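Following: one structure in structure tokens, then a few remarks.
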Number of protein chains: 2
Amino acid sequence: MPKQELPIVDVGVQVSAEACCAPLVCEPLDEAEATELAPLFKAIADPVRLRLLSLIACHEGGEACVCDLTVAFDLTAPTISHHLKVLKQAGLIDSERRGTWAYYWINPSVLARMSALLSPASALAATPA
Amino acid sequence: MPKQELPIVDVGVQVSAEACCAPLVCEPLDEAEATELAPLFKAIADPVRLRLLSLIACHEGGEACVCDLTVAFDLTAPTISHHLKVLKQAGLIDSERRGTWAYYWINPSVLARMSALLSPASALAATPA
DNA sequence: TCTCTAATTTGACAGAGATCTATATACGAG
DNA sequence: CTCGTATATAGATCTCTGTCAAATTAGAGA
């Protein structure tokens with residue numbers, strides 16, 4: 001039933017766009033950057049939301065219906081709804097209502113930014129000895 | 001009692017080592033994995049800790065003294081100490097006392113694991129329409 | 001030994017967050 | 001329009017977390 005619509009690239013993020021990609025091991029984060037980035041990690045700093053994000057990202061068609069998600073947890077629907085809202089407000093996912101059901105898909109660019117931030121700057125800072 | 005320091009080698013992590021690398025957009029995280037991974041993100045889900053991690057990672061020599069870190073914030077020493085403890089317990093950093101001062105360095109393998117988990121599955125969902 | 005400085009631990013408190021029940025909204029089918 | 005199902009919001013509660021002041025531990029030097 002979910003109509004597949006591939007929410008591809010579309011970098012229309014609310015975070016400051018391309019101010020993104022220097023890994024935090026390359027140059028020190030200033031306070032403003034840290035304040036902007038921390039909420040992204042806070043959004044996935046919960047097992048339920050991590051699984052939600054993964055379930056949505058892996059779902060065929062690139063999107064998942066809330067009904068698919070709710071059954072995967074031993075939690076009430078309002079709780080799932082709450083977690084989805086947190087993920088959405090962080091910009092990690094987006095949603096649309098189509099008829100009776102609501103569909104969610106991930107925003108890959110935000111995920112990419114977070115991944116890049118943590119990337120270990122290959123040649124740096126290894127070996128404590 | 002503060003004998004727990006152990007300037008151990010690198011991967012002395014409590015997480016299951018190399019069970020790491022499938023990005024969460026590739027296959028759905030199960031509950032156990034999510035429970036194990038969420039605390040890693042929780043550890044960096046705070047602006048102060050994000051900056052601490054970055055300051056430590058970028059510091060020359062690959063390690064930083066607590067005294068270097070404390071002055072970078074408008075927070076008391078106990079608060080910084082608390083945040084360092086959170087990062088250390090998550091396995092993101094390690095520390096050693098040398099003489100009067102305590103030094104911290106990052107554990108790159110844990111950071112790498114987190115980065116890989118969020119990596120947007122190169123070949124997936126990225127394909128330009 | 002005593003004292004000074006670096007860092008951590010303890011205890012307290014305010015604010016944030018996860019979950020539930022109950023209620024409300026949105027839509028489709030009769 | 002009315003009813004039933006799918007989501008979302010509101011409010012309450014209990015727990016977790018960030019911060020500070022005060023006390024404690026650890027090492028260097030006199």
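A, B, ... follow the sequence lines: proteins, then strands. Residue 1 opens every chain. As the structure is a computational prediction, the values presented were derived from the model and not from experiment.
If you take CG of A:Leu84 and P of D:dA6, they are 16 Å apart, rounded to a whole angstrom. As rounded to whole Å, 14 Å separates atom C1' of C:dG17 from atom CG of A:Leu87. Computed from coordinates, the A:Leu52 CG to D:dT7 C1' distance equals 14 Å when rounded to whole Å. Following rounding to the nearest Å, B:Glu96 (CD) and C:dT8 (P) show an atom-to-atom distance of 13 Å. Atom CZ of B:Phe73 is separated from atom C1' of D:dT19 by 14 Å (rounded to the nearest Å). Atom CZ in B:Arg51 sits roughly 16 Å away from atom C1' in D:dG18 (whole-Å rounding). One interatomic measurement links the two molecules: CZ of A:Arg98 to C1' of D:dT7, which rounds to 15 Å at whole-angstrom precision. Note: NZ (B:Lys85) to P (D:dT24) measures 17 Å, nearest angstrom.
Counting only distance, with no hydrogens or angles, the side chain of A:Thr70 and the backbone of A:Val66 share a donor-acceptor pair below 3.5 Å. With hydrogens and angles ignored, the 3.5 Å screen pairs a side-chain donor or acceptor of A:Ser54 with a backbone N or O of B:Glu27. In terms of modelled atom types and a separation under 3.5 Å, the side chain of B:Arg49 and the main chain of B:Ala43 share a donor-acceptor contact.
When the side-chain nitrogen and oxygen atoms of A:Thr100 are compared with OP1 and OP2 of D:dA6, none of them lie within a distance under 4.0 Å. Side-chain N/O atoms of A:Trp101 include one lying less than 4.0 angstrom from OP1 or OP2 on D:dT7. The shortest distance between the side-chain N/O atoms of B:Tyr104 and the OP1/OP2 oxygens of C:dT8 is below 4.0 Å. Side-chain N/O atoms of A:Arg97 include none lying less than 4.0 angstrom from OP1 or OP2 on C:dT25.
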Sub-3.5 Å pairs of nitrogen or oxygen atoms, protein against nucleotides 19-21 of chain C:
from	atom 1	to	atom 2	distance (Å)
C:dT19	OP2	A:His83	NE2	2.2
C:dC20	OP2	A:Thr76	N	3.2
C:dC20	OP2	A:Thr76	OG1	3.1
C:dC20	OP2	A:Thr79	OG1	2.7

Dump the pairs, protein N or O against N or O of nucleotides 13-16 of chain D, anything under 3.5 Å, distances to one decimal.
none

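Atom CG of B:Leu40 is separated from atom CG of B:Leu87 by 11.0 Å, given to the nearest 0.5 angstrom. We find the CG-CG distance between A:Leu29 and B:Leu53 to be 9.5 Å, quoted to the nearest 0.5 Å.
Listed by first then second residue, pairs satisfying salt bridge (charged side-chain N to carboxylate O under 4.0 Å, His left out) with a partner in residues 98-109 of chain B read B:Glu63-B:Arg98, B:Glu96-B:Arg98, not counting sequence neighbours.
Residues satisfying the side-chain contact (heavy atoms from CB on, under 4.5 Å) test with A:Thr76, not counting sequence neighbours, are A:Pro78, A:Thr79. With sequence neighbours excluded, the residues that form a side-chain contact (heavy atoms from CB on, under 4.5 Å) with A:Ala72 are A:Arg51, A:Leu55. Scored by the side-chain contact (heavy atoms from CB on, under 4.5 Å) test, B:Thr35 finds A:Pro47, B:Glu31 as partners (sequence neighbours excluded).
Note on B:Ala102: only backbone sugar-phosphate atoms sit closer than 4.0 angstrom, heavy atoms only; bases stay farther off.
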